[in-house]
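Order of listing sets the numbers, starting from 1, for every ligand and every atom in it.
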Amino acid sequence: MPKTTKNALAIHGGTPVRGADKKWPGWPQFDDTERKALNEVLESGKWFFGDRVTQFEREYADYQDARFCVTCNSGTAAAEIAMQALGIGPGDEVLVPAYTFIATASSVARVGATPIFVDIDDSWCMDPALAEAAITPRTKAIMPVHFGSQVCDMDRFNALAQKHNLKIIEDACHSWGSKWKGKGTGALGFGGVFSFQASKNITAGEGGAILTDNEEFADACKSITNCGRAKGSVWYGHVLLGTNARITEFAAALLSAQLSRLQEHTLRRQRNAAILNKELGAIEGLIPQPGDSRMTQRAYHLYCMRMDDKAFGCSREQMVEAARAEGLPIGPGYAVPLYKQPVFAERKGTPDYTKCHCPATEDLCYRTGTWFGHPNLLGSEEDMYDIVAIFKKIKENVSLLAK
Ligand SMILES: *Cc1c(COP(=O)(O)O)cnc(C)c1O
């Protein structure tokens, strides 16, 4: 073991930058707003299909600058319902990134269509040029992900939609509050899907929503979440093949309460991330996920960085392990591209997913990607300088880490 110096790394027996006495902000956050809202639903005896769902749908649509919001019970359900409402099915292809959560691709497969994996660019989002190259006569939609809240180049994706007669459904499950040229994510394309699962920036434990400016699409999504009932139809009138994906009044009440602090939280994360972008970006070998001047607000679901092992001086795994020992709960991100998951890789038929190769995605998975979650960004300015100190300390001692 290397000799313990004054500034020794915690993994070498030194004192961590953040000891056990220094706590990061917890998640989820709540106070009497949530308590009161939940208790009101409880006491009202009206636990489903009521005004609170309608109220949250209005509030959330307004917050994201969309005309319509349809809530449902998960982001995964939202993506599947959006695909079904567009009439996407067997024989159709939908372009998705390979660096994302499973639901982006599984939602396409679950309606019988084929997810086609497209690589990302330096933004960690789907590369629009590669997307265009992947379009075939069978392509019906593109589902880019606003990864880590970084908004995809929606100007180019919308231009592709126009040119090739496709629908853009944003996977906005990282981007409550992100804005592109002043408009919220979710209805920048034809529609967008959101998650309110426990780890997300507003949460009811589970939950989801679909946003759109298109009334017909909103009505179809609503009908599918509600057992296929048509708008204004009788209880026993079923016009579409739906499911029950409704949220409860408890969930809606929680979400309205959570939404009441989302903007303040978003601004705080943005301020703190700006410190990290400047300070960490100045460390050789660390490349924070870049912004885009057209993104007028950024949610920061994750704080993402690429680490160039050669320029930084050790492997990503060594850096992540050292940073964790110093008190930062950081991880290496997704371990494999989605097409390596057995559900795709072992699937017989066309396409043969074992032939997929997305080099930028593989580089993030296997060598350079790291991130930590949004709760850390709710800390103080001093907390941010602790994060900076952690990476400076690792960099100073990097020769003792590299083998
Ligand atoms: C969280 C998430 C979803 C959906 O998540 P649920 O847990 O089903 O609500 C979809 N896409 C991405 C990129 C996500 O991170």
Which residue supplies the protein heavy atom nearest to atom 9 (O) of ligand 1, what is that atom called, and how far is it? Ser195 OG, 2.6 Å
Please report the shortest heavy-atom distance between Lys200 and Ser195, naming the atom on each side. CE-OG, 3.4 Å
Numbered atoms of ligand 1 (with element) below 4.0 Å of Ser74, judged on heavy atoms: 8 (O), 9 (O)
Can you tell me the protein heavy atom closest to atom 14 (C) of ligand 1 and the distance? Lys200 NZ, 3.1 Å
Within 45° of the axis and under 6.0 Å from the centre of the six-membered ring of Trp24, does NZ or CZ of Arg18 qualify? yes
cation_pi(Arg298, Tyr300) dist<6.0 Å, angle<=45: yes
Numbering as shown, the atoms of ligand 1 that approach Thr100 to under 4.0 Å (heavy-atom distance): 13 (C)
Hey, what's the ring geometry for Tyr236 with His238, parallel, tilted or perpendicular (30° and 60° as the breaks)? perpendicular
Have Ser380 and Asp383 got a donor and an acceptor in their side chains that come within less than 3.5 Å? yes
Atoms of ligand 1 under 4.0 Å from any heavy atom of Cys173, numbered from 1 in the order shown, are 2 (C), 3 (C), 4 (C), 10 (C), 11 (N), 12 (C), 14 (C)
Which protein heavy atom lies closest to atom 8 (O) of ligand 1, and at what distance to 0.1 Å? Thr76 OG1, 2.5 Å
If we ignore angles and hydrogens, is there a donor and acceptor under 3.5 Å between the side chains of Arg269 and Asn272? no
Show me which atoms of ligand 1 lie under 4.0 Å from any heavy atom of Gln197. 7 (O), 9 (O)
Name the one of Phe117, Phe147, Tyr339 that satisfies ring pair (Phe, Tyr, Trp, His ring centres under 6.0 Å) with Tyr99? Phe147
Atom 11 (N) of ligand 1 - nearest protein heavy atom and its distance: Asp171 OD2, 2.8 Å
Hey, does Ala103 come in under 3.5 Å of ligand 1, counting only N/O atoms on both sides? no
